[in-house]
Amino acid sequence: MKLLSVIIPTYNMEKYLDRCISSFVACENRNLLELVVVNDGSKDSSSEIAHRYADEFPDVVKVIDKKNGHYGSCINVALPILRGKYTRIVDSDDWVSTEGLNTLLTKLHSLDVDIVFTDYECVYEKSGKVCTKRINGQKINEVISIDDNRLSLLNDKEDLKMHHMTYRTQLLLDSNYRQTEGVVYTDTEYVFYPLMRAKTVTFFDIVLYQYMVGREEQSIALSSRLLHTKDYYPIINRMMENTFAEISETHGRLLKRYVAYVLACLYHNLLVLQPLTDETRNALVSLDEKVKIFDADVYEILNGYRCMYLRYIYIWRKWNIQCVNPWLYHKLFKLLN
């Protein structure tokens, strides 16, 4: 049995994959690792790069070659074969701090917890700028309950990110965890569903994940977000099939804030990134109705979301207007990034 399994989905990432895998195999405790590289029908040399590492480190690196099925299918095909006590996902254009990985593995040895939070760094590809993303609030080097009030310190937008989170593998298996296939933004599911079923968490002051920012093809790029607006719907509809009635108030508040954050991403696409049309107006009205039926707290949390200091969702609901100019927003975003 391995201590940590890492799923690395890859599609046409020959430029970055070597950096990703090498950051793991350079670890002095790599015998405790299991890397599962899932090649999602790449047309470049991604498969050859992955197999080269599998040949050199056969007890560490495994490769699954499959037809293209998008991100979620890569996670789903890897989960049943994992042998590690803990599991995390690392995108193939990202990598880890080898030093941070060594420290984490040392701590995982004697740990029994559902979720392990660690810090990560945003690395801007063009400028080389590095920004460390630390968990809000004090570090808690102890296992605590998911119902602990200290979790109210977590920022749903910044702290509940896949880059922060490592899970006990059995938690994923017991909940029959699967990601939606054929769409992007399923990293939100990787946060939400295990978090919903978790009982215990801990936080370590370790910088682990290295998240590259600035690649044009990334799903967070504005052009990509507009292209994939409809991908939010199956993810959000699936989230809104859940109820928080049987969990504690503290745990429920955390989950509701996260669902509101995912919903706000869709509202932002419809209300900020593009001019309002009859189609988007109808989509917003329908979305509002669904959210109101789903949960009154989530509906109200969304009223507080701001863009350019304006409560753009609240203003839309009250006056049926778009208060942020999309052209101006795109210009400012490009200037600041």
Student: Is any side-chain N of the basic residue among Arg238 and Glu189 closer than 4.0 Å to the acidic one's carboxylate O?
Tutor: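 Yes.
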
Student: Side chains of Glu14 and Ser45: donor-acceptor distance under 3.5 Å anywhere?
Tutor: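 Note: Glu14 and Ser45 side chains meet the donor-acceptor criterion.
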
Student: Run the numbers on Val38 and Val77 for side-chain contact (heavy atoms from CB on, under 4.5 Å), then give the verdict.
Tutor: CA-CA 8 Å; Val38 184; Val77 77; 3.8 Å; yes

Student: Check whether any side-chain N or O of Ser286 sits under 3.5 Å from a backbone N or O of Ala283 as a donor-acceptor pair, and report yes or no.
Tutor: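 No, Ser286 side chain to Ala283 backbone: no donor-acceptor pair under 3.5 Å.
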
Student: Please check if any side-chain donor atom of Glu125 sits under 3.5 Å from a side-chain acceptor atom of Tyr16, or the reverse.
Tutor: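 On atom types as modelled, these side chains qualify, holding a pair under 3.5 Å.
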
Student: Report yes or no: do Arg317 and Asn303 form a side-chain donor-acceptor pair below 3.5 Å?
Tutor: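 Judged by distance alone, the side chains do pair up.
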
Student: I'd like a table of donor-acceptor pairs (distance under 3.5 Å, sequence neighbours excluded) in which one partner is a side-chain atom from residues 1-8, with atom names and distances.
Tutor:
from: Lys2; atom 1: NZ; to: Asn31; atom 2: O; distance (Å): 2.8
from: Lys2; atom 1: NZ; to: Leu33; atom 2: O; distance (Å): 3.2
from: Lys2; atom 1: NZ; to: Asp59; atom 2: O; distance (Å): 2.8
from: Lys2; atom 1: NZ; to: Asp59; atom 2: OD2; distance (Å): 3.1
from: Ser5; atom 1: OG; to: Glu34; atom 2: OE1; distance (Å): 2.5
from: Ser5; atom 1: OG; to: Gly84; atom 2: N; distance (Å): 2.8

Student: Does any non-hydrogen side-chain atom of Ser97 lie less than 4.5 Å from one of Gln210?
Tutor: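 Sidechains of Ser97 and Gln210: in contact.
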
Student: So, does Thr98 use its side chain to make a donor-acceptor pair with the main chain of Ser23 at under 3.5 Å?
Tutor: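 At least one qualifying donor-acceptor pair exists.
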
Student: Are more than 12 heavy atoms, taken from residues, nucleotides or ligands other than Glu142, located less than 6.0 Å from that residue's CD atom?
Tutor: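 Correct, the count exceeds 12.
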
Student: Are Arg52 and Asp18 within salt-bridge range, i.e. N to O under 4.0 Å?
Tutor: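 Looking at Arg52 and Asp18, the cut-off is met.
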
Student: Taking the six-membered ring for Trp, is the centroid-to-centroid distance between His164 and Tyr209 below 6.0 Å?
Tutor: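 Ring centres of Tyr209 and His164 not closer than 6.0 Å.
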
Student: Checking Asp148 side chain against Leu151 main chain: does a donor-acceptor pair fall under 3.5 Å?
Tutor: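 Judged by distance alone, no pair lies under 3.5 Å.
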
Student: Side-chain donor-acceptor pair under 3.5 Å between Thr250 and Asp147, yes or no?
Tutor: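 No donor-acceptor contact under 3.5 Å links the two side chains.
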
Student: Donor-acceptor pair, His51 side chain versus Ser46 backbone, under 3.5 Å?
Tutor: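 Such a contact is absent between His51 side chain and Ser46 backbone.
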
Student: Would you say Val123 and Trp95 make side-chain contact, with heavy atoms under 4.5 Å?
Tutor: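 Heavy-atom side-chain distance check passes, below 4.5 Å.
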
Student: For Thr277 and Thr280, which I'm curious about, is there any donor-acceptor pair between the side chains at under 3.5 Å?
Tutor: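 Yes, because at least one side-chain N or O of Thr277 sits under 3.5 Å from a partner of the opposite role on Thr280.
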
Student: Checking the side chain of Arg178 only, and the main-chain atoms of Gly72 only, is there a donor and an acceptor separated by less than 3.5 Å?
Tutor: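 No, Arg178 side chain to Gly72 backbone: no donor-acceptor pair under 3.5 Å.
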
Student: Does Asp278 have more than 12 heavy atoms from other residues, nucleotides or ligands lying within 6.0 Å of its CG?
Tutor: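 At most 12 heavy atoms, drawn from other residues, nucleotides or ligands, come within 6.0 Å of this atom.
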
Student: Side-chain contact, heavy-atom cut-off 4.5 Å: Lys290 with Leu263?
Tutor: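 Lys290 does not reach Leu263 side chain to side chain.
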
Student: Salt bridge or not between Arg134 and Asp119? Use side-chain N to carboxylate O under 4.0 Å.
Tutor: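 Yes.
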
Student: Taking the six-membered ring for Trp and the full ring for Phe, Tyr or His, determine whether the centres of Tyr305 and Tyr261 are under 6.0 Å apart.
Tutor: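 So the answer is no for these two rings.
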
Student: Keeping Thr186 on the side-chain end and Gln179 on the backbone end, is there a donor-acceptor pair under 3.5 Å?
Tutor: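 Answer holds: no.
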
Student: For the NZ atom on Lys66, are there more than 12 heavy atoms of other groups (residues, nucleotides or ligands in this structure) within a distance under 6.0 Å?
Tutor: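 Counting neighbours around NZ of Lys66, more than 12 heavy atoms of other residues, nucleotides or ligands fall under 6.0 Å, so yes.
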
Student: Do Lys85 and Thr169 get their side chains close enough for a donor-acceptor pair, meaning under 3.5 Å?
Tutor: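 Note: Lys85 and Thr169 side chains miss the donor-acceptor criterion.
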
Student: Could you tell me whether a side-chain N or O of Thr200 sits under 3.5 Å from a main-chain N or O of Asp114, the two making a donor and an acceptor?
Tutor: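 Looks like yes, one N/O pair under 3.5 Å.
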
Student: Do Lys107 and Phe204 meet the cation-pi criteria used here (NZ or CZ under 6.0 Å from the six-membered ring centre, within 45° of the axis)?
Tutor: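 Because its charged atom sits under 6.0 Å from the ring centre and within 45° of the axis, Lys107 does stack over Phe204.
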
Student: Going through the distances and angles, do Trp316 and Leu284 end up as a side-chain contact (heavy atoms from CB on, under 4.5 Å)?
Tutor: CA-CA 9 Å; Trp316 152 257; Leu284 283 162; 3.5 Å; yes

Student: Check the angle between the aromatic planes of Trp319 and Tyr314 and answer parallel, tilted or perpendicular using the 30° and 60° thresholds.
Tutor: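 Plane angle over 60°, so perpendicular.
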
Student: List for me each residue that meets ring-ring contact (aromatic ring centres under 6.0 Å, His included) alongside Tyr299, sequence neighbours excluded, and say none if there are none.
Tutor: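 None.
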
Student: Under 3.5 Å, side chain of Asp40 to main-chain N/O of Thr10, donor-acceptor pair present?
Tutor: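 No.
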
Student: Who are the ring-ring contact (aromatic ring centres under 6.0 Å, His included) partners of Tyr329, not counting sequence neighbours?
Tutor: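 For Tyr329 the ring-ring contact (aromatic ring centres under 6.0 Å, His included) partners, ignoring immediate neighbours, are His268.
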
Student: Under a 3.5 Å cutoff, is there a donor and acceptor pairing between the side chains of Ser47 and Asp65?
Tutor: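 The criterion, which ignores hydrogens and geometry beyond distance, is satisfied for Asp65 and Ser47.
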
Student: Does the side chain of Tyr233 reach to within under 4.5 Å of the side chain of Val183, using non-hydrogen atoms?
Tutor: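 Tyr233 vs Val183: side chains apart.
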
Student: What I want to check is whether the side chains of Asn76 and Glu181 have a donor and an acceptor closer together than 3.5 Å.
Tutor: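 Distance-only check passes for Asn76 and Glu181.
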
Student: Scan Tyr71, Tyr232, Phe192 and name whichever one has a ring pair (Phe, Tyr, Trp, His ring centres under 6.0 Å) with Tyr185.
Tutor: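 Of all the options given, the one that passes is Tyr232.
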
Student: Has Glu99 got more than 12 heavy atoms of other residues, nucleotides or ligands less than 6.0 Å from its CD?
Tutor: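 No, not enclosed.
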
Student: Is the ring pair Phe117/Phe203 parallel, tilted or perpendicular, if the boundaries are 30 and 60 degrees?
Tutor: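 The arrangement is parallel - the two ring planes meet at less than 30°.
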
Student: With distance as the sole test, does Arg30 use its side chain to make a donor-acceptor pair with the main-chain N or O of Ala26 at under 3.5 Å?
Tutor: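 Not a single qualifying donor-acceptor pair exists.
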
Student: Taking the side chain from His330 and the backbone from Leu273, do they hold a donor-acceptor pair closer than 3.5 Å?
Tutor: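 Such a contact is found between His330 side chain and Leu273 backbone.
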
Student: Quick check on the hydrophobic clustering: are Leu332 and Leu222 connected, directly or via other members, by side-chain heavy-atom contacts under 4.5 Å?
Tutor: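 Yes, it is one cluster - the side chains of Leu332 and Leu222 are joined through contacts under 4.5 Å.
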
